[in-house]
Amino acid sequence: MAPSLSQTITDPSDLTDFVINKGNGVKGLSQMGLKSLPKQYIQPVAERMSMNIAKMSEESIPIIDMSNWEDQKVTESICNAAEKWGFFQILNHGVPIEVLEHVKEATHKFFELPAGEKCKFSKEYSPSNNVRFGTSFSPEAEKALEWKDWLSLFYVSEDEASAHWPPACKAEVLEYMKRTDILIKRLLEILMKRLNVTDIDKTKEALLMGSKRINLNYYPVCPNPELTVGVGRHSDVSTLTVLLQDYIGGLYVRAGTTTDEDSWVHVPPLEGSLVINIGDALQIMSNGKYKSVEHRVVANGSKTRISVPIFVNPRPSDVIGPLPEVLGSSGEKALYKQVLYSDYVKHFFRKAHDGKSTVDFAKF
């Protein structure tokens, strides 16, 4: 049954209380059958992405069949995609289809819980700082809210996850993270070889993938979707992001091979695929050879969409900068300074989504 609230919310404090404090999220707004979008979600014109007027590139991000990891053509395709696009889709990646389906089902299961149950994992009530249910991106810093609810889970250990992660999705999410571990290591090995890193020792592995966070994202049906966004323009702060999306679609990537600054490419859902994208941390460590690219998600007026990204990150205590192997003996100039990763992440989260500007924090 839909929450009881008037069809039109005019008082900002009422909306904040309903959506954020009481845990209803935008799912609660969607269930009310609103005829028009609350003004708090109306984005500036420059940030909207009208399907009628946006410049849609006819290009597509690379789709790579990973059946044979050892094939030089496969490894070259991965590195070329990371340099040119910052995004690619992979098929036959070794993660069983049923594992992907189970984590999508578990995502729906969590968001279908009563608001009071989900609210137990909000900032005020969560039993752990590593478990957080929320809405939009950073409501305190945003002038216009995004049409998305999310559950964010920072992985510390299996024991910690078993104790604190929501029962509705815990087992499926943990299994998915386990099954992607080999995939992540193989991708990083391939990408590192082009950067002259031939051996990923324990220290290097910790720098590249010393921490992981998984998000369950929920984008409910939206009134006036053309006036808002599911997620605003941004690049990830990760080393790599491994994204599982459902069949709805709505993810757009800034075109990597066009001179038009406002051309966007849709990432179509492919059954059994995973989307890989380079994050800011790897752009910095590669001294700009690999590209962390802007992407965004549109709101949908007729269907609910979910996605499940795994953010593969350095540890918060790590200092990131161009790798010595990249600069090498050639004397290549470092484009980025050494920065504490936790400082970089804090800078990202203390502001609204704003395209690629976060990486400027690390530039000389």
In terms of heavy-atom contacts, S235 and S292 come closest through CB-OG, 3.3 Å
What is the distance from atom CZ of F133 to atom SG of C119, rounded to the nearest 0.5 Å? 7.0 Å
Side-chain donor/acceptor of D318 to backbone N/O of I320, under 3.5 Å: no
For the residue pair L174 and S162, what are the closest heavy atoms and their distance? CD1-OG, 4.5 Å
Hits for salt bridge (Lys or Arg N to Asp or Glu O under 4.0 Å) against E325, two or more places apart or cross-chain, chain-then-number order -> K204
Over all heavy atoms of both residues, which pair between K104 and L244 is shortest? Give the atoms and the distance, please. CG-CD2, 3.8 Å
Heavy-atom closest contact (L91 atom, G272 atom, distance): CD2-C, 4.4 Å
Any idea which heavy atoms bring M285 and V326 closest together, and the distance? O-CG2, 3.6 Å
Atom CG of residue position N129 - does it have more than 12 heavy atoms of other residues, nucleotides or ligands inside 6.0 Å? no
R179: salt bridge (Lys or Arg N to Asp or Glu O under 4.0 Å) partners, not counting sequence neighbours: E175
My understanding is that only residues two or more places apart in sequence, or in another chain, count here; which of them pass side-chain contact (heavy atoms from CB on, under 4.5 Å) with E117? L113, P114, K120
Check whether any side-chain N or O of S126 sits under 3.5 Å from a backbone N or O of S122 as a donor-acceptor pair, and report yes or no. no
Only counting residues at least two apart or in another chain, list the ones meeting side-chain contact (heavy atoms from CB on, under 4.5 Å) with Q72. T75, E76
Treating Ile, Leu, Val, Met, Phe, Trp and Tyr as nodes and any side-chain heavy-atom pair under 4.5 angstrom as an edge, say whether I248 and V275 lie in one connected cluster. no
State yes or no: do V103 and I306 share one hydrophobic cluster built from I, L, V, M, F, W and Y residues joined by side-chain heavy-atom distances below 4.5 Å, directly or via other members? yes
Say whether I184 and L208 are linked into one hydrophobic cluster, either directly or through other cluster members, by side-chain heavy-atom distances under 4.5 angstrom. yes
Same apolar cluster: F311 and V237, side chain cutoff 4.5 Å: no
Would you kindly say whether Y336 and Q283 are connected by a side-chain donor-acceptor distance under 3.5 Å? yes
Under 3.5 Å, which donor-acceptor pairs link side chains of residues 216-225 to any protein atom two or more places apart or in another chain?
residue	atom	partner	partner atom	Å
N217	ND2	S307	OG	3.2
N224	OD1	L37	N	2.8

Test side-chain contact (heavy atoms from CB on, under 4.5 Å) on L191 and I278 and set out the steps. CA-CA 10 Å; L191 291 165; I278 305 302; 4.2 Å; yes
Might you confirm whether atom NZ of K170 has over 12 heavy atoms from other residues, nucleotides or ligands at distances under 6.0 Å? yes
State which residues pass side-chain contact (heavy atoms from CB on, under 4.5 Å) with K337; sequence neighbours excluded, sorted by chain then number. V339, F364
Taking every non-hydrogen atom, the tightest pair across T239 and L207: OG1-O, 4.4 Å
Applying ring-ring contact (aromatic ring centres under 6.0 Å, His included), name anything that partners Y176, two or more places apart in sequence or on another chain. none
Any chance the side chains of D65 and S67 put a donor and an acceptor closer than 3.5 Å? yes
Check the side chains of S238 and N313 for a donor-acceptor pair under 3.5 angstrom, ignoring hydrogens and angles. no
Could you list all the salt bridge (Lys or Arg N to Asp or Glu O under 4.0 Å) pairs where at least one residue sits in residues 209-219, not counting sequence neighbours? D181-K212
Hits for side-chain contact (heavy atoms from CB on, under 4.5 Å) against E98, two or more places apart or cross-chain, chain-then-number order -> P96, H102
Residue pair N300 / S302, side-chain donor-acceptor N/O under 3.5 Å: yes
Of all residues at least two apart in sequence or in a different chain, which pass the ring-ring contact (aromatic ring centres under 6.0 Å, His included) check with H295? F87, H234
Can R194 and E83 be counted as an ion pair, charged N to O under 4.0 angstrom? yes
Would you tell me whether E146 and T228 have side-chain atoms, one donor and one acceptor, within less than 3.5 Å of each other? no
If I take atom CE from residue M49 and atom CZ from residue R296, how far apart are they, to the nearest 0.5 angstrom? 5.0 Å
Exactly one candidate in L323, T198, L187 meets side chain to side chain contact (heavy atoms under 4.5 Å, CB included) with M192; the answer is L323
Taking L145 as the starting point, is it possible to reach L34 by hopping between hydrophobic residues whose side chains are less than 4.5 Å apart? yes
Partners passing salt bridge (Lys or Arg N to Asp or Glu O under 4.0 Å) against E158 (at least two apart in sequence or in another chain): K178
Are the side chain of K289 and the backbone of L195 linked by a donor-acceptor contact shorter than 3.5 Å? no
Would you find a donor on one side and an acceptor on the other, under 3.5 Å apart, between the side chain of N215 and the backbone of P309? no
Charged N-O contact under 4.0 Å between E294 and K356: no
What residues, two or more places apart in sequence or in another chain, satisfy salt bridge (Lys or Arg N to Asp or Glu O under 4.0 Å) together with D246? none
